[in-house]
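Working notes for the structure below.
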Amino acid sequence: MSQKFDRIVVVGGGSAGWMTAAVLATGLKGRATVELVEAEDVGIIGVGEATLPGIRNFNQSLGIDEAEFLRATNGSFKLGIRFCDWLEVGQDYFHTFGPLGNLSGSQALWGQHRRVKQDGPLGLQCVPTVMAMKGRFKRPDERSQFNYAYHFDATQYVAFLRRLAMQRGARHTVGHIVDVPRRADGGVAALQLADGRRIEGDLFIDCSGFRSLLLGGALAEPFVDFSHWLPVDAAWACPCERSGEEILPYTVATALEGGWAWRIPLQNRTGHGHVFSSRFIDVERARDQLMARLDGKALAEPRLLRFTTGHRRRFWVHNVVAIGLSSGFLEPLESTSIYLIQDGIGRLMAALLAGRPLSDSDRATFNIGSTRRYERTRDFVIQHYCLTRRRDSELWRHVSTMELPETLAFKLELWRRFGVLHAYDEECADANSWLAIHAGMEHWPDREDPVLAEISRERAQQALQGRRAAIAASVEHMPAHHVLLKQVLS
Ligand SMILES: Cc1cc2nc3c(=O)[nH]c(=O)nc-3n(C[C@H](O)[C@H](O)[C@H](O)COP(=O)(O)OP(=O)(O)OC[C@H]3O[C@@H](n4cnc5c(N)ncnc54)[C@H](O)[C@@H]3O)c2cc1C
């Protein structure tokens, strides 16, 4: 059935709501009204401090100045994630946003690296990894092959986007939704607020967080549960004072007994959290483990958040489109939630800008694309767990022996048997990212690419050593991250 969208109502004022409102108010000016409704007495989730490089395009598409954004959100630059204790306790590796190097492609490089038994991790052949290890940062120029993202204060980002969306014409209505009246065709007619007001609309964007007021609540769309593969279901979060001048340009994710801990450096504080599975560790023990890891004075009481990994079966039903936590959540290991929000907004805008009434085909296209995106992202996150050699607790024994989704099992098999990094459509992570995790988890193919035999060991060794030395020398001249950040902010 076709449908018009003159009046768009966004439900919820967290990151998902204000990111959506900012884009719609900017992109649909003169074509539709955008009104955002949020309750004052229901807080936003307020975590979500680490991002992927796509956030840069998102901000740029809204015309946001980088320095202004970093000032407003206490932001810092992020080159990637350092994973500690994931393969086994005491081992670590980096996943940064850049190719691991190129002799004749990244895959040839790992082959050569193993063949000549080059000392040190493969990351030493990767510019952003060496920058991260040394605490340096420089923005990439036209010739650079790496990318970067940000860490920021999620609450301040929401306030920043709210100002921007309202400057661009979005209306802001504060009120607690108590009922969601329906239309005869099953769609949503309006939002009933506690004070008696009724907000009508043609299209409703559900950004109401884990409550999923419209899609999961009013429309009762079922939930597809991923917790067999991603069993974490809770997190303790606690910010602490920053110690020392240095601000590391990367997130740290440390595997623990029943989950993993994040460390996210901002200008004014350090974000800490412990994501865990309450099936495998007691909630209070998880809290104690987090508090023991703080590297500064706690700035608040630790906060407990609970969730289930997975997504709603459909994302767009009738005239309701869910974006953000109302549509699903994987877990924050690879900072993919804000990325999935951007992806959802992009798909929605493509449908709205097509210049015709919305149809069943728009909904189907959106739902198929979003489902695939969630499944690909799920597989990438599972890759970090299932390749572990850890067997020291129940969680690690579970994830190392569990049956994998077929899509991931096929991918891992292709890599192990043939050294092929297979990519499906709608991937969230490119071949460099998959390779970084394979390399970090020492998960290598059984056979060597025969092409490598054409290059002598000596030549390969020289090439690897030369590249490693050139990268080390170039990084040596780069400023420390906190020094560059200060310059950008001044
Ligand atoms: C532990 C944890 C760590 C995370 N870390 C990261 C990370 O590092 N990187 C990343 O990308 N993402 C991360 N995320 C995810 C990220 O926080 C969210 O994707 C993002 O903040 C979007 O949240 P949201 O806007 O969907 O929901 P929320 O922030 O929960 O907003 C919900 C909104 O709905 C409104 N609302 C609810 N009920 C009503 C009602 N009855 N009437 C009116 N309004 C209502 C609320 O007032 C609020 O404004 C993390 C999530 C968790 C749980």
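Scope of the values below: all heavy atoms of this structure, side chains included, with no hydrogens, waters or symmetry mates. Just follow the structure's listing: the first ligand is 1, and inside any ligand the first atom is 1.
- A 4.5 Å side-chain heavy-atom check between Asn367 and Arg313 finds every atom pair outside the cut-off.
- Regarding atom 4 (C) of ligand 1, its nearest protein heavy-atom neighbour is Pro332 CB, 3.6 Å.
- Environment of CZ in Arg7: crowded, with over 12 heavy atoms of neighbouring residues, nucleotides or ligands closer than 6.0 Å.
- Of all the atoms in ligand 1, the ones that sit under 4.0 Å from a non-hydrogen atom of Glu49 are 7 (C), 8 (O).
- Ring-centre distance between Trp396 and Tyr385: below the 6.0 Å cut-off.
- At a heavy-atom distance under 4.0 Å, only side-chain atoms of Arg211, from C-beta outward, approach ligand 1.
- Remark: the Asn59 side chain and the Tyr157 side chain contain an N/O donor-acceptor pair separated by less than 3.5 Å.
- Glu331 is linked by a salt bridge (Lys or Arg N to Asp or Glu O under 4.0 Å) to nothing, counting only residues two or more places apart in sequence or in another chain.
- Here's the thing with Gly13: one of its N/O atoms is less than 3.5 angstrom from an N/O atom of ligand 1.
- Heavy atoms of Thr51 stay at 4.0 angstrom or farther from ligand 1.
- Around atom 18 (C) of ligand 1, the closest heavy atom drawn from Ile55, Leu340, Val10, Leu325 belongs to Leu325.
- Contact between Gly273 and ligand 1 is absent, with no heavy atom of the residue lying under 4.0 Å from the ligand.
- Distances shorter than 4.0 angstrom do not occur between any heavy atom of Ala237 and any atom of ligand 1.
- The closest approach between any non-hydrogen atom of Val275 and ligand 1 is not below 4.0 Å.
- The shortest contact between atom 14 (N) of ligand 1 and any protein heavy atom is with Gly48 CA, 3.9 Å.
- Heavy atoms of Phe329 approach ligand 1 to within less than 4.0 angstrom.
- Contact annotation: the side chain of Trp262 approaches that of Val275 to within less than 4.5 Å [non-hydrogen atoms, C-beta and beyond].
- Closest to atom 17 (O) of ligand 1, if we only count protein heavy atoms, is Val47 O, 2.6 Å.
- Ranking the protein heavy atoms by distance from atom 41 (N) of ligand 1 puts Ile177 O, 3.2 Å first.
- Residue-to-ligand polar distances keep Ser326 apart from ligand 1: every N/O pair is separated by 3.5 Å or more.
- Inclusion of Ile323 in the set of residues having an N or O under 3.5 Å from an N or O of ligand 1 is not warranted.
- Of the N and O atoms on the side chains of Ser433 and His95, at least one donor lies less than 3.5 Å from an acceptor on the other residue.
- By the 3.5 Å distance cut-off applied to N or O atoms, Val42 is counted among the residues near ligand 1.
- Of the N or O atoms in Ile44, none lie within a sub-3.5 Å distance of an N or O in ligand 1.
- Within the structure, side chain to side chain donor-acceptor pair (under 3.5 Å) contacts touching residues 63-85 (residues at least two apart or in different chains) are Glu66-Arg139, Glu66-Tyr148, Glu66-Tyr150, Asn74-Gln156, Ser76-His151, Lys78-Ser335, Arg82-Asp92.
- For the pair Arg376 and Tyr424, the cation-pi test (distance below 6.0 Å, angle within 45°) is passed.
- Of all the listed residues (Ala39, Gly46, Ala16), Ala16 holds the heavy atom that lies closest to atom 25 (O) of ligand 1.
- Closest to atom 35 (C) of ligand 1 among all protein heavy atoms lies Gly12 CA, 3.7 Å.
- For atom 29 (O) of ligand 1, the nearest protein heavy atom (residue, atom name, distance) is Ile45 N, 2.9 Å.
- Atom 10 (C) of ligand 1 has Ala50 O, 3.5 Å as its closest protein atom, hydrogens excluded (heavy atom only).
- Taking the centre of each ring, Phe152 and Phe160 stay at or above the 6.0 Å mark.
- Residue contact annotation: Ala154 has no non-hydrogen atom under 4.0 Å from ligand 1.
- Two residues are said to be in side-chain contact when any heavy atoms from C-beta on lie closer than 4.5 Å; Val381 and Trp229 fail this criterion.
- A cation-pi arrangement, defined by a distance under 6.0 Å to the six-membered ring centre and an angle within 45 degrees of its axis, is absent between Arg312 and Phe223.
- Shown in contact with Gly324 at under 4.0 Å from a heavy atom are these atoms of ligand 1, numbered in order with element: 26 (O).
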side-chain contact (heavy atoms from CB on, under 4.5 Å) between Phe276 and Val283, worked out: CA-CA 8 Å; Phe276 61 95; Val283 175; 4.2 Å; yes
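- Using a 4.0 angstrom heavy-atom cutoff, Ile341 counts as in contact with ligand 1.
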